[in-house]
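In what follows, every heavy atom counts, from backbone to side chain, and hydrogens, waters and symmetry copies are set aside.
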Amino acid sequence: MGKGGESIPDEEWERFLREAEAGTKGAPEEPSARARMVGRRLREETGRPEPWRSHQPARRQGGKGWYAVGLLVAVALLVVALDPGRVAGWFGGGGGENAPLAVESKRPDQPPPTEAAAQHPTLEQPFRGSPAAQWGDGTAGIGLPEARATGWMSKGQVAQALEKTRDFLAASSLDPGVLRGERPRKAIALINPHQQDVQDYLATAFRAPGRENDPLLLFSRFENTKVRLVGEVVKTRGRITYREGKRGAVEVTTDVTYVYPAVRAAAGSDEVARTIVRREVVMSWDDPAKVVVDPGTFSLVSYKVDTTNGGCDTFTGYLTPEFGAERAASRPGDGPEVDPYDRSTSMETRMREAGDAGCGTATRS
(Lines give C-alpha, C1' and ligand atoms only; values in the text may rest on other atoms or scores of the structure.)
Protein backbone atom coordinates (compact mmCIF):
# COMPACT_ATOMS: atom_id res chain seq x y z
CA MET A 1 0.00 0.00 0.00
CA GLY A 2 1.38 3.42 -0.90
CA LYS A 3 2.25 5.92 1.76
CA GLY A 4 -0.81 7.93 2.64
CA GLY A 5 -3.07 5.50 0.74
CA GLU A 6 -6.14 4.06 2.36
CA SER A 7 -6.45 0.32 2.70
CA ILE A 8 -8.99 -1.41 0.49
CA PRO A 9 -10.48 -4.79 1.44
CA ASP A 10 -9.25 -7.87 -0.41
CA GLU A 11 -12.81 -8.52 -1.56
CA GLU A 12 -13.05 -5.11 -3.21
CA TRP A 13 -9.67 -5.48 -4.93
CA GLU A 14 -10.61 -8.97 -6.20
CA ARG A 15 -13.93 -7.60 -7.49
CA PHE A 16 -12.05 -4.81 -9.26
CA LEU A 17 -9.74 -7.34 -10.94
CA ARG A 18 -12.68 -9.52 -12.01
CA GLU A 19 -14.51 -6.54 -13.46
CA ALA A 20 -11.36 -5.32 -15.19
CA GLU A 21 -10.81 -8.75 -16.74
CA ALA A 22 -14.42 -9.10 -17.82
CA GLY A 23 -14.77 -5.50 -19.02
CA THR A 24 -18.05 -3.66 -19.34
CA LYS A 25 -20.48 -2.88 -22.11
CA GLY A 26 -19.02 -1.13 -25.12
CA ALA A 27 -15.92 -1.72 -27.21
CA PRO A 28 -12.67 -0.91 -25.40
CA GLU A 29 -9.95 0.57 -27.61
CA GLU A 30 -6.69 -1.15 -28.44
CA PRO A 31 -3.70 0.75 -26.99
CA SER A 32 -2.27 1.25 -30.48
CA ALA A 33 -0.32 4.50 -30.16
CA ARG A 34 3.36 3.72 -30.30
CA ALA A 35 5.26 4.56 -27.14
CA ARG A 36 7.89 7.24 -27.78
CA MET A 37 11.44 5.99 -27.26
CA VAL A 38 14.42 8.28 -26.82
CA GLY A 39 17.94 7.23 -25.90
CA ARG A 40 21.11 9.22 -25.36
CA ARG A 41 24.58 8.18 -24.26
CA LEU A 42 27.50 9.98 -22.67
CA ARG A 43 31.17 9.24 -22.46
CA GLU A 44 32.91 9.83 -19.18
CA GLU A 45 35.39 12.71 -19.30
CA THR A 46 38.94 11.44 -18.81
CA GLY A 47 40.35 14.65 -17.32
CA ARG A 48 39.54 16.28 -14.03
CA PRO A 49 35.93 17.53 -14.08
CA GLU A 50 35.39 21.25 -14.07
CA PRO A 51 33.37 22.67 -11.16
CA TRP A 52 29.77 23.38 -12.05
CA ARG A 53 29.85 26.78 -10.47
CA SER A 54 32.73 28.62 -8.81
CA HIS A 55 32.39 30.44 -5.52
CA GLN A 56 32.00 34.22 -5.68
CA PRO A 57 33.05 36.16 -2.58
CA ALA A 58 30.61 38.61 -1.08
CA ARG A 59 31.09 42.30 -1.80
CA ARG A 60 33.33 44.02 0.70
CA GLN A 61 31.65 46.81 2.64
CA GLY A 62 33.35 49.70 4.44
CA GLY A 63 32.75 51.17 7.89
CA LYS A 64 32.33 49.67 11.31
CA GLY A 65 30.18 46.83 10.00
CA TRP A 66 33.16 45.36 8.15
CA TYR A 67 35.32 45.40 11.31
CA ALA A 68 32.55 43.68 13.25
CA VAL A 69 32.37 40.94 10.61
CA GLY A 70 36.15 40.58 10.75
CA LEU A 71 36.02 40.13 14.51
CA LEU A 72 33.34 37.46 14.22
CA VAL A 73 35.35 35.60 11.61
CA ALA A 74 38.42 35.68 13.88
CA VAL A 75 36.40 34.29 16.78
CA ALA A 76 34.96 31.58 14.54
CA LEU A 77 38.43 30.54 13.39
CA LEU A 78 39.59 30.34 16.98
CA VAL A 79 36.66 28.06 17.86
CA VAL A 80 37.42 25.82 14.88
CA ALA A 81 41.04 25.53 15.98
CA LEU A 82 40.17 24.70 19.58
CA ASP A 83 37.16 22.41 19.02
CA PRO A 84 36.56 21.34 15.40
CA GLY A 85 34.19 18.56 16.49
CA ARG A 86 31.78 21.06 17.97
CA VAL A 87 31.72 23.06 14.74
CA ALA A 88 31.01 19.89 12.78
CA GLY A 89 28.11 19.25 15.12
CA TRP A 90 26.63 22.67 14.30
CA PHE A 91 26.30 21.50 10.69
CA GLY A 92 24.84 18.06 11.29
CA GLY A 93 27.85 16.20 12.65
CA GLY A 94 31.04 14.87 11.16
CA GLY A 95 31.02 13.07 7.83
CA GLY A 96 28.18 15.25 6.62
CA GLU A 97 29.17 14.62 3.00
CA ASN A 98 27.71 11.11 3.38
CA ALA A 99 24.64 12.03 5.43
CA PRO A 100 21.61 10.63 3.56
CA LEU A 101 19.44 13.11 1.72
CA ALA A 102 15.69 13.26 2.12
CA VAL A 103 13.74 11.60 -0.69
CA GLU A 104 13.31 13.90 -3.68
CA SER A 105 9.81 15.40 -3.72
CA LYS A 106 10.27 17.98 -6.50
CA ARG A 107 12.77 18.90 -9.17
CA PRO A 108 15.93 20.43 -7.62
CA ASP A 109 16.98 23.90 -8.75
CA GLN A 110 20.70 23.14 -9.20
CA PRO A 111 23.12 20.22 -9.58
CA PRO A 112 24.71 18.63 -6.50
CA PRO A 113 28.11 20.00 -5.37
CA THR A 114 31.28 18.89 -7.15
CA GLU A 115 33.80 19.27 -4.32
CA ALA A 116 34.21 15.53 -3.76
CA ALA A 117 34.48 14.60 -7.45
CA ALA A 118 38.28 14.23 -7.32
CA GLN A 119 37.97 11.31 -4.90
CA HIS A 120 38.12 7.92 -6.62
CA PRO A 121 35.84 4.97 -5.84
CA THR A 122 37.20 1.82 -4.22
CA LEU A 123 35.87 -1.69 -3.65
CA GLU A 124 35.14 -0.73 -0.05
CA GLN A 125 33.59 2.64 -1.01
CA PRO A 126 32.24 2.30 -4.55
CA PHE A 127 30.28 5.57 -4.34
CA ARG A 128 33.18 7.63 -2.99
CA GLY A 129 33.48 10.98 -4.74
CA SER A 130 29.93 10.77 -6.07
CA PRO A 131 26.76 12.59 -4.97
CA ALA A 132 25.19 9.13 -4.96
CA ALA A 133 26.93 8.47 -1.64
CA GLN A 134 24.08 10.45 -0.07
CA TRP A 135 21.33 8.86 -2.16
CA GLY A 136 18.97 6.08 -1.14
CA ASP A 137 19.62 2.36 -1.58
CA GLY A 138 17.39 0.75 -4.19
CA THR A 139 13.73 1.74 -4.02
CA ALA A 140 14.40 3.77 -0.86
CA GLY A 141 15.68 6.56 -3.09
CA ILE A 142 12.49 6.78 -5.16
CA GLY A 143 9.88 9.17 -3.80
CA LEU A 144 6.30 7.90 -3.80
CA PRO A 145 3.53 10.53 -3.66
CA GLU A 146 0.42 10.41 -1.55
CA ALA A 147 -2.48 8.72 -3.32
CA ARG A 148 -5.70 10.53 -4.16
CA ALA A 149 -8.71 9.56 -6.24
CA THR A 150 -7.84 10.30 -9.87
CA GLY A 151 -9.60 9.53 -13.14
CA TRP A 152 -11.36 6.18 -13.03
CA MET A 153 -9.49 5.03 -9.90
CA SER A 154 -10.31 5.46 -6.23
CA LYS A 155 -7.69 6.57 -3.75
CA GLY A 156 -6.96 2.96 -2.79
CA GLN A 157 -6.65 1.87 -6.42
CA VAL A 158 -4.24 4.73 -7.15
CA ALA A 159 -2.13 3.61 -4.18
CA GLN A 160 -2.02 0.10 -5.63
CA ALA A 161 -1.04 1.46 -9.06
CA LEU A 162 1.78 3.53 -7.54
CA GLU A 163 3.11 0.50 -5.66
CA LYS A 164 3.05 -1.57 -8.84
CA THR A 165 4.80 1.23 -10.68
CA ARG A 166 7.64 1.12 -8.17
CA ASP A 167 7.64 -2.68 -8.45
CA PHE A 168 8.26 -2.25 -12.18
CA LEU A 169 11.21 0.05 -11.54
CA ALA A 170 12.69 -2.48 -9.12
CA ALA A 171 12.12 -5.39 -11.49
CA SER A 172 13.55 -3.54 -14.50
CA SER A 173 16.51 -1.66 -13.04
CA LEU A 174 17.37 -3.11 -9.62
CA ASP A 175 16.69 -6.85 -9.74
CA PRO A 176 20.02 -8.71 -9.25
CA GLY A 177 19.22 -11.32 -11.87
CA VAL A 178 18.25 -8.73 -14.47
CA LEU A 179 21.41 -6.74 -13.72
CA ARG A 180 23.40 -9.93 -14.45
CA GLY A 181 21.75 -10.11 -17.88
CA GLU A 182 18.73 -12.31 -17.25
CA ARG A 183 15.45 -11.60 -19.01
CA PRO A 184 13.31 -9.16 -16.94
CA ARG A 185 10.27 -11.42 -16.77
CA LYS A 186 8.67 -9.79 -13.70
CA ALA A 187 8.92 -6.34 -15.27
CA ILE A 188 7.58 -7.47 -18.63
CA ALA A 189 4.62 -9.15 -16.89
CA LEU A 190 3.47 -5.70 -15.72
CA ILE A 191 3.30 -4.29 -19.28
CA ASN A 192 -0.04 -4.50 -21.11
CA PRO A 193 0.24 -7.57 -23.39
CA HIS A 194 -2.29 -6.02 -25.80
CA GLN A 195 -0.02 -3.06 -26.64
CA GLN A 196 1.25 -4.72 -29.80
CA ASP A 197 3.97 -2.24 -30.78
CA VAL A 198 5.59 -2.56 -27.36
CA GLN A 199 5.29 -6.34 -27.44
CA ASP A 200 7.03 -6.34 -30.84
CA TYR A 201 9.81 -4.21 -29.35
CA LEU A 202 10.19 -6.58 -26.39
CA ALA A 203 10.27 -9.63 -28.65
CA THR A 204 13.07 -8.13 -30.75
CA ALA A 205 15.12 -6.24 -28.16
CA PHE A 206 16.57 -9.30 -26.40
CA ARG A 207 16.98 -11.39 -29.54
CA ALA A 208 18.44 -8.78 -31.90
CA PRO A 209 19.15 -5.53 -30.03
CA GLY A 210 19.68 -2.40 -32.10
CA ARG A 211 19.23 1.37 -32.03
CA GLU A 212 15.44 1.15 -32.39
CA ASN A 213 15.07 -2.01 -30.33
CA ASP A 214 17.45 -1.47 -27.46
CA PRO A 215 16.46 -3.22 -24.21
CA LEU A 216 18.44 -0.59 -22.27
CA LEU A 217 15.69 1.91 -23.00
CA LEU A 218 13.68 0.19 -20.26
CA PHE A 219 16.01 -2.25 -18.50
CA SER A 220 19.48 -2.20 -16.90
CA ARG A 221 21.63 -5.21 -17.83
CA PHE A 222 25.33 -6.01 -17.65
CA GLU A 223 27.15 -8.86 -19.40
CA ASN A 224 28.40 -10.88 -16.44
CA THR A 225 31.23 -12.45 -18.43
CA LYS A 226 32.80 -8.98 -18.80
CA VAL A 227 31.86 -6.98 -15.71
CA ARG A 228 30.36 -7.55 -12.29
CA LEU A 229 28.71 -5.13 -9.93
CA VAL A 230 30.43 -4.12 -6.70
CA GLY A 231 28.39 -5.10 -3.66
CA GLU A 232 24.63 -5.40 -3.57
CA VAL A 233 23.68 -1.71 -3.44
CA VAL A 234 22.46 0.39 -6.37
CA LYS A 235 22.05 4.05 -5.46
CA THR A 236 18.95 5.85 -6.71
CA ARG A 237 17.39 9.27 -6.67
CA GLY A 238 14.09 10.17 -8.28
CA ARG A 239 10.38 10.54 -7.90
CA ILE A 240 7.03 9.31 -9.14
CA THR A 241 4.23 11.71 -10.10
CA TYR A 242 0.80 11.16 -11.59
CA ARG A 243 -2.20 12.90 -13.13
CA GLU A 244 -5.37 12.07 -15.02
CA GLY A 245 -4.55 11.04 -18.56
CA LYS A 246 -6.51 10.19 -21.69
CA ARG A 247 -9.89 8.46 -21.34
CA GLY A 248 -9.77 8.94 -17.57
CA ALA A 249 -6.60 6.85 -17.15
CA VAL A 250 -4.12 7.45 -14.35
CA GLU A 251 -0.92 8.56 -16.11
CA VAL A 252 2.18 7.96 -13.99
CA THR A 253 5.60 9.49 -14.71
CA THR A 254 8.79 8.07 -13.19
CA ASP A 255 12.07 10.00 -13.37
CA VAL A 256 14.88 8.12 -11.66
CA THR A 257 18.69 8.14 -11.79
CA TYR A 258 20.45 4.85 -11.02
CA VAL A 259 24.16 4.54 -10.15
CA TYR A 260 25.86 1.16 -10.71
CA PRO A 261 29.47 0.57 -9.53
CA ALA A 262 31.26 -2.17 -11.47
CA VAL A 263 34.63 -3.87 -11.93
CA ARG A 264 35.95 -6.13 -14.66
CA ALA A 265 34.78 -9.72 -14.31
CA ALA A 266 38.33 -11.09 -14.11
CA ALA A 267 39.31 -12.34 -10.69
CA GLY A 268 41.23 -9.84 -8.61
CA SER A 269 39.97 -6.78 -10.51
CA ASP A 270 39.79 -3.75 -8.24
CA GLU A 271 39.35 -0.71 -10.52
CA VAL A 272 35.83 0.58 -9.93
CA ALA A 273 33.93 2.39 -12.67
CA ARG A 274 30.42 3.76 -12.30
CA THR A 275 27.63 3.59 -14.87
CA ILE A 276 24.87 6.15 -14.42
CA VAL A 277 21.45 5.69 -16.00
CA ARG A 278 18.63 8.21 -15.85
CA ARG A 279 15.27 6.98 -17.12
CA GLU A 280 11.94 8.67 -17.53
CA VAL A 281 9.11 6.19 -18.08
CA VAL A 282 5.55 7.40 -18.57
CA MET A 283 2.84 4.76 -18.18
CA SER A 284 -0.94 4.73 -18.35
CA TRP A 285 -3.05 2.73 -15.92
CA ASP A 286 -6.05 2.45 -18.22
CA ASP A 287 -9.74 2.03 -17.52
CA PRO A 288 -10.54 -1.53 -18.74
CA ALA A 289 -13.98 -0.28 -19.81
CA LYS A 290 -12.30 1.97 -22.38
CA VAL A 291 -8.98 0.29 -23.26
CA VAL A 292 -8.10 -3.37 -23.83
CA VAL A 293 -5.81 -4.15 -20.91
CA ASP A 294 -5.13 -7.09 -18.62
CA PRO A 295 -5.76 -6.54 -14.89
CA GLY A 296 -2.73 -5.24 -13.02
CA THR A 297 -0.86 -4.10 -16.15
CA PHE A 298 -0.13 -0.68 -17.63
CA SER A 299 0.35 0.68 -21.16
CA LEU A 300 3.57 2.49 -22.00
CA VAL A 301 3.22 6.10 -23.17
CA SER A 302 6.90 7.04 -23.57
CA TYR A 303 10.35 6.17 -22.29
CA LYS A 304 13.62 8.08 -22.41
CA VAL A 305 17.08 7.13 -21.21
CA ASP A 306 20.33 9.03 -20.66
CA THR A 307 23.35 6.82 -20.00
CA THR A 308 26.84 7.70 -18.76
CA ASN A 309 29.70 5.22 -19.19
CA GLY A 310 27.41 2.50 -20.43
CA GLY A 311 28.64 2.30 -24.01
CA CYS A 312 28.62 4.80 -26.86
CA ASP A 313 27.05 3.81 -30.20
CA THR A 314 27.16 0.19 -29.09
CA PHE A 315 23.91 -1.74 -29.17
CA THR A 316 24.70 -5.09 -27.62
CA GLY A 317 21.74 -5.10 -25.23
CA TYR A 318 24.11 -4.63 -22.28
CA LEU A 319 25.58 -1.68 -20.42
CA THR A 320 29.32 -1.71 -21.18
CA PRO A 321 31.28 0.51 -18.78
CA GLU A 322 34.76 1.65 -19.77
CA PHE A 323 37.66 1.61 -17.35
CA GLY A 324 40.76 3.81 -17.25
CA ALA A 325 42.63 2.26 -20.17
CA GLU A 326 39.60 2.22 -22.45
CA ARG A 327 38.63 5.79 -21.57
CA ALA A 328 42.14 7.05 -22.31
CA ALA A 329 42.06 5.43 -25.75
CA SER A 330 38.52 6.48 -26.73
CA ARG A 331 37.85 9.64 -28.71
CA PRO A 332 35.82 12.43 -27.08
CA GLY A 333 32.10 12.56 -27.80
CA ASP A 334 30.84 15.24 -30.16
CA GLY A 335 27.77 16.03 -28.09
CA PRO A 336 27.48 18.60 -25.30
CA GLU A 337 28.99 18.22 -21.85
CA VAL A 338 26.51 17.04 -19.23
CA ASP A 339 26.62 16.44 -15.50
CA PRO A 340 24.88 13.05 -15.13
CA TYR A 341 23.98 13.84 -11.51
CA ASP A 342 22.19 17.06 -12.47
CA ARG A 343 18.48 16.44 -11.97
CA SER A 344 17.55 20.12 -12.18
CA THR A 345 17.02 19.76 -15.93
CA SER A 346 14.08 17.73 -17.21
CA MET A 347 14.71 14.80 -19.52
CA GLU A 348 12.72 16.58 -22.24
CA THR A 349 15.05 19.60 -22.06
CA ARG A 350 18.18 17.46 -21.89
CA MET A 351 17.18 15.51 -24.99
CA ARG A 352 16.18 18.66 -26.86
CA GLU A 353 19.50 20.38 -26.08
CA ALA A 354 21.43 17.33 -27.29
CA GLY A 355 19.55 17.35 -30.59
CA ASP A 356 21.00 14.99 -33.18
CA ALA A 357 24.52 15.14 -31.75
CA GLY A 358 26.30 11.90 -31.10
CA CYS A 359 27.64 10.79 -27.75
CA GLY A 360 28.12 13.63 -25.30
CA THR A 361 30.73 13.98 -22.57
CA ALA A 362 29.96 13.49 -18.90
CA THR A 363 31.73 15.93 -16.58
CA ARG A 364 31.93 13.33 -13.79
CA SER A 365 30.86 9.83 -12.88
Side-chain angles (χ1 to χ4, degrees), residues 1-8 12-13 16-17 19-20 28-29 31 33-38 102-108 136 138-174 186-192 194-195 198 217-218 236-258 278-305 343-351:
M1 186 62 62
K3 294 180 180 178
E6 64 181 9
S7 177
I8 58 175
E12 181 181 343
W13 181 248
F16 154 66
L17 292 179
E19 290 177 356
E29 298 181 19
R34 179 165 180 79
R36 294 179 291 118
M37 302 177 293
V38 183
V103 174
E104 184 178 285
S105 59
K106 63 179 181 179
R107 189 177 307 286
T139 57
I142 304 173
L144 204 61
E146 183 176 354
R148 64 183 185 278
T150 303
W152 73 282
M153 284 186 166
S154 68
K155 179 179 179 180
Q157 291 167 344
V158 169
Q160 292 276 3
L162 293 174
E163 287 284 0
K164 284 184 173 291
T165 296
R166 193 163 59 177
D167 289 346
F168 173 78
L169 299 181
S172 61
S173 303
L174 298 171
K186 291 181 180 179
I188 292 174
L190 290 168
I191 300 174
N192 183 3
H194 302 285
Q195 193 174 12
V198 175
L217 289 166
L218 280 175
T236 63
R237 187 154 184 82
R239 63 191 182 280
I240 298 174
T241 58
Y242 65 97
R243 65 178 184 178
E244 183 173 349
K246 294 181 179 180
R247 298 180 291 271
V250 176
E251 185 178 283
V252 180
T253 298
T254 69
D255 181 353
V256 181
T257 302
Y258 307 87
R278 182 180 176 186
R279 283 197 189 87
E280 180 193 270
V281 181
V282 182
M283 57 191 71
S284 180
W285 291 91
D286 296 312
D287 182 350
K290 299 177 181 178
V291 174
V292 178
V293 60
D294 279 8
T297 67
F298 59 80
S299 302
L300 281 166
V301 177
S302 67
Y303 34 111
K304 305 180 181 74
V305 64
R343 293 184 48 79
S344 65
T345 303
S346 69
M347 285 288 281
E348 188 72 30
T349 299
R350 182 173 287 188
M351 297 298 176

Separation between CZ of Arg166 and CD1 of Ile142, rounded to the nearest 0.5 Å: 7.0 Å

Residues that Asp255 engages under salt bridge (charged side-chain N to carboxylate O under 4.0 Å, His left out), provided they are two or more places apart: Arg107, Arg278, Arg343

Reported CZ-to-CG distance for the pair Arg239 and Leu144, which is rounded to 0.5 angstrom: 13.5 Å

Set of residues satisfying salt bridge (charged side-chain N to carboxylate O under 4.0 Å, His left out) with respect to Arg148, sequence neighbours excluded: none

For Tyr258, all residues meeting ring pair (Phe, Tyr, Trp, His ring centres under 6.0 Å), sequence neighbours excluded: none

Arg279 side chain near Val305 side chain, heavy-atom distance below 4.5 Å: yes

Contact check, side chains of Lys164 and Trp285, non-hydrogen atoms, under 4.5 Å: yes

For Arg237, all residues meeting salt bridge (charged side-chain N to carboxylate O under 4.0 Å, His left out), sequence neighbours excluded: Glu104

Straight-line distance of Arg247 CZ to Lys290 NZ, nearest 0.5 Å: 9.0 Å

Results of side-chain hydrogen bond (donor to acceptor under 3.5 Å, both in side chains) for Ser346 - residues two or more places apart only: Thr349

Contacts of Ser299 that satisfy side-chain hydrogen bond (donor to acceptor under 3.5 Å, both in side chains) - sequence neighbours left out: Asn192, Asp286

CG on Leu300 to CG on Leu190, rounded to 0.5 Å: 10.5 Å

Heavy-atom closest contact (Val292 atom, His194 atom, distance): CG1-CG, 3.5 Å

Atom of Glu146, atom of Tyr242 and distance for their closest heavy-atom approach: O-OH, 2.8 Å

Backbone of Leu169 reached by a side-chain donor or acceptor of Ser172 within 3.5 Å: yes

Pairing of Glu348 and Lys304 as salt bridge, 4.0 angstrom limit: yes

Flag side-chain contact, heavy atom, 4.5 Å: Val301 against Ser284: yes

Distance-minimising heavy-atom pair for Trp152 and Pro288: CH2-CD, 3.5 Å

Nearest heavy-atom neighbours spanning Ile240 and Thr254: CG1-CG2, 4.0 Å

Residue among Ile188, Val252, Ile191 satisfying side chain to side chain contact (heavy atoms under 4.5 Å, CB included) with Phe168: Ile191

Qualifying residue for side chain to side chain contact (heavy atoms under 4.5 Å, CB included) with Thr236, from Thr139, Leu174, Val103: Leu174

Atom pair CG (Asp167) and CD (Gln160), whose distance is rounded to the nearest 0.5 Å: 10.0 Å

Between CE on residue Met351 and OG1 on residue Thr345, distance to nearest 0.5 Å: 12.0 Å

